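Heads up: the structure comes next, in C-alpha cells.
Proteins come first, then strands; the chains are lettered A, B, ... in the order of their sequence lines, and each starts at number 1. Note that the structure is predicted; figures quoted are calculated from it, not measured.
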Protein chains: 2
Amino acid sequence: MKKIQVIVAEDQAMVLGALAALLETEPDIAVCARAANGREALALVARHKPDVLVTDIEMPEMTGLTLAAEVRERHPQTRVIILTTFARPGYLRRALDAGAKGYLLKDRPSAELAEAVRRVYQGLRVVDPDLALEAWDSGPDPLTDRERQILWRAGEGKSSGEIAEELHLSEGTIRNYLSEAISKLGASNRVEAARLARARGWL
Amino acid sequence: MKKIQVIVAEDQAMVLGALAALLETEPDIAVCARAANGREALALVARHKPDVLVTDIEMPEMTGLTLAAEVRERHPQTRVIILTTFARPGYLRRALDAGAKGYLLKDRPSAELAEAVRRVYQGLRVVDPDLALEAWDSGPDPLTDRERQILWRAGEGKSSGEIAEELHLSEGTIRNYLSEAISKLGASNRVEAARLARARGWL
DNA sequence: AATACCGGATGACATCTGTCACCTCGCTTT
DNA sequence: AAAGCGAGGTGACAGATGTCATCCGGTATT
C-alpha cells in the first residue's frame, strides 16, 4: 500500500513542523518535503511530484496563490490545497481561479486537514461552505489596479502627496482615485476603506 | 519515567492540533489537554496542574498575557511559555512582567518548541535573544492609556468626532491627544502612528 | 494658603482630505 | 472621420486633521 505523498509549504517554521507532524500521524499519508516559501515549494514539487501540495497564502518570495497557478500550469498531477488564516472571499475566489482544489481555514479542527488531503487526492474539491457562501454574495473585487495600489499605500499612512510622487501622478489624481475607492467600498475615509478592502482580501 | 505534562492554548484549531501532534512525537512530553482560548486554558490548568503551559498571545476571551499573569498568581507550579507570531518588544516586556518563563516565536524551527519546554521545566528561562535585544533598545511604551485608546480607534478609521463621542471627550481634546501620540512616535499622521505602535506591540 | 501638576477644553491657523464638475489626450469602435 | 471611452489632470470648495498657546478646575505637595 502506498501512502499519499504530500508537500507542505508554510513560512512560520514552527507551524510548518507542526503541520507536518500532524499529517505524519496519519497512516496513509507521508510528508515527502517541506517548504518555507513559494519558490522553494515550486522547486520541491518539480523534484518530488507529490500527490498533494498544502500551502499557506501569505509567504515571502512567492504567494500561495501564484504558487497554485504555477503548479497547475507546470505540474497538473499535483493537486493544491490552500490552508490559511484568512476567511477572505477575495482570497477564495483567486485561489479557485488559480486552480486550487481545496481551501481550508486554520481555525477548522485539525482532523479536517488529513480528511481534505484524502478527498482532494480522490479528485474531489474541498471548500469551506460558509466562506463559499460569503464569497458569493460579497461580489467580486470592485477595485481597479490603480485604486488598489493607491489604497494600499494610503493604508500604510502615506499622504496623498507622497503617493503621488511615488507613482508619478498628480496629487489631485490620487485624491480622485481614493475618493472613488472610498465610495465603492461604502467607507467614510481612506483608513476605513483600506481596512474593509483588506478584510475582504482585495488588497 | 514520568513525562512532562503540557497544556497547549491556541485559538486556531488547526494549529492547536498540529502543535499538540508535534509535542506528542517527543518521548518525554505528554499533552494532557488543549485549550482554544484563555479562559478555557485557565480552567484546564486548574484541573490538570500541568508542568508547562504553552500559549499564544492573541486569543479570544482572555489574552495569553493576562492568562500568564493569572497562572502565576493561582498556579505558580505551572511555568508559562508564550508562543507567538509577533516579534514585538512590547509583548515580550509584558510577557516577562506577567511572569512568563519563555517567549518563543512561531518562525523558529519546530525543534525548538520541545527544547524550550524541557528547559523551562528545569527552571530555566527561554527568550529569543534577537528580540530581547530589540526590546531593550526600543525602550518602554511611551503612550498613556488615553493615547492608546484614542490611537487604537483612529487606526480603525474613526474620525476625531466619532472618537470624541465614544469617549465623552471634546473633539479638540482628541486632536490634542493624537497630536501628542504622533509626535511621541515620530510619525507624520495618525495612520502611521497607529501602524508604528502596533508594530511595537504597544496597541 | 501658595504651588505645582494633570486631565481636559478652547480657539485660531495652516494643511490635508474628500468631492465634484469639467478638461485633455490617446486609443478603440463603427 | 466621428463618436465614445478610459486614464489622468485641474480647480474650487467644504470639512477633517495637526499644531500650538492658553485656560480651567481639581488634587496632591510643601
Side-chain angles (χ1 to χ4, degrees), chain A residues 90 93-94 97 138-203, chain B residues 90 93-94 97 138-203:
Chain A
R93 189 175 296 250
R94 279 194 265 162
D97 285 351
S138 92
D141 184 346
L143 300 175
T144 67
D145 288 346
R146 268 296 189 224
E147 286 162 359
R148 226 189 318 282
Q149 282 179 57
I150 292 171
L151 194 52
W152 171 271
R153 286 166 175 77
E156 285 184 290
K158 296 195 171 134
S159 71
S160 306
E162 288 170 319
I163 300 174
E165 203 163 343
E166 200 171 334
L167 300 182
H168 310 293
L169 293 176
S170 97
E171 181 177 336
T173 302
I174 299 299
R175 295 221 298 278
N176 287 338
Y177 278 115
L178 277 172
S179 179
E180 183 62 18
I182 289 168
S183 97
K184 277 181 179 176
L185 296 171
S188 61
N189 58 52
R190 50 179 72 193
V191 186
E192 195 187 347
R195 263 190 9 109
L196 288 174
R198 264 195 291 266
R200 299 212 200 334
W202 292 335
L203 225 85
Chain B
R93 189 175 298 248
R94 280 193 265 161
D97 285 350
S138 92
D141 186 346
L143 301 175
T144 67
D145 287 345
R146 267 297 191 224
E147 287 162 358
R148 227 190 317 282
Q149 282 180 54
I150 291 172
L151 194 51
W152 172 270
R153 286 164 173 79
E156 283 185 291
K158 296 195 171 135
S159 71
S160 306
E162 288 170 319
I163 300 175
E165 202 164 341
E166 199 171 335
L167 300 182
H168 311 291
L169 292 176
S170 97
E171 181 178 336
T173 304
I174 300 297
R175 296 221 298 279
N176 286 338
Y177 278 115
L178 277 172
S179 179
E180 183 63 18
I182 289 167
S183 96
K184 277 182 180 176
L185 296 171
S188 59
N189 59 51
R190 52 178 72 193
V191 186
E192 195 187 347
R195 264 192 5 109
L196 289 173
R198 263 195 292 267
R200 299 208 196 343
W202 293 334
L203 224 82

- Any residue of residues 163-170 of chain B with a heavy atom less than 4.0 Å from an atom of DNA chain C: B:Leu169, B:Ser170
- Keeping to residues at least two apart or across chains, list the salt bridge (Lys or Arg N to Asp or Glu O under 4.0 Å) pairs with something in residues 183-198 of chain B. B:Glu147-B:Lys184
- Rounded to whole Å, CG of B:Leu143 lies from P of C:dG7 at a distance of 14 Å
- For A:Ile150 and C:dG18, what is the distance between atoms CD1 and C1' respectively, to the nearest whole Å? 14 Å
- Item | Contacts of type side-chain hydrogen bond (donor to acceptor under 3.5 Å, both in side chains), residue B:Ser183, not counting sequence neighbours | none
- Kindly compute the distance separating CD (B:Glu156) from CG (B:Leu151), expressed to the nearest 0.5 Å. 11.0 Å
- Message: Counting only side-chain nitrogens and oxygens, does A:Arg146 get under 4.0 Å of the OP1 or OP2 atom of D:dA7?
- Response: no
- Test side-chain hydrogen bond (donor to acceptor under 3.5 Å, both in side chains) applied to B:Arg94 - qualifying residues, sequence neighbours left out: none
- Task: Measure the CD1-CZ distance between B:Ile150 and B:Arg175 for me, rounded to the nearest 0.5 Å.
- Result: 12.5 Å
- What's the spacing between A:Glu171 CD and A:Asn176 CG if we round to 0.5 Å? 11.0 Å
- Item | A:Ile174 CD1 to C:dT19 C1', straight-line distance once rounded to whole Å | 16 Å
- Spell out protein contact along nucleotides 11-28 of chain D as letters: B when the base is contacted, S when just the sugar-phosphate is, - when no protein heavy atom is under 4.0 Å; keep the 5' to 3' order. -B----BBBB--------
- Measure the spacing between CG of A:Asp145 and OH of A:Tyr177 and express it to the nearest 0.5 Å. 10.5 Å
- Message: Can you pull out every salt bridge (Lys or Arg N to Asp or Glu O under 4.0 Å) where at least one residue sits in residues 160-169 of chain A? Sequence neighbours excluded, please.
- Response: A:Arg153-A:Glu166, A:Lys158-A:Glu166
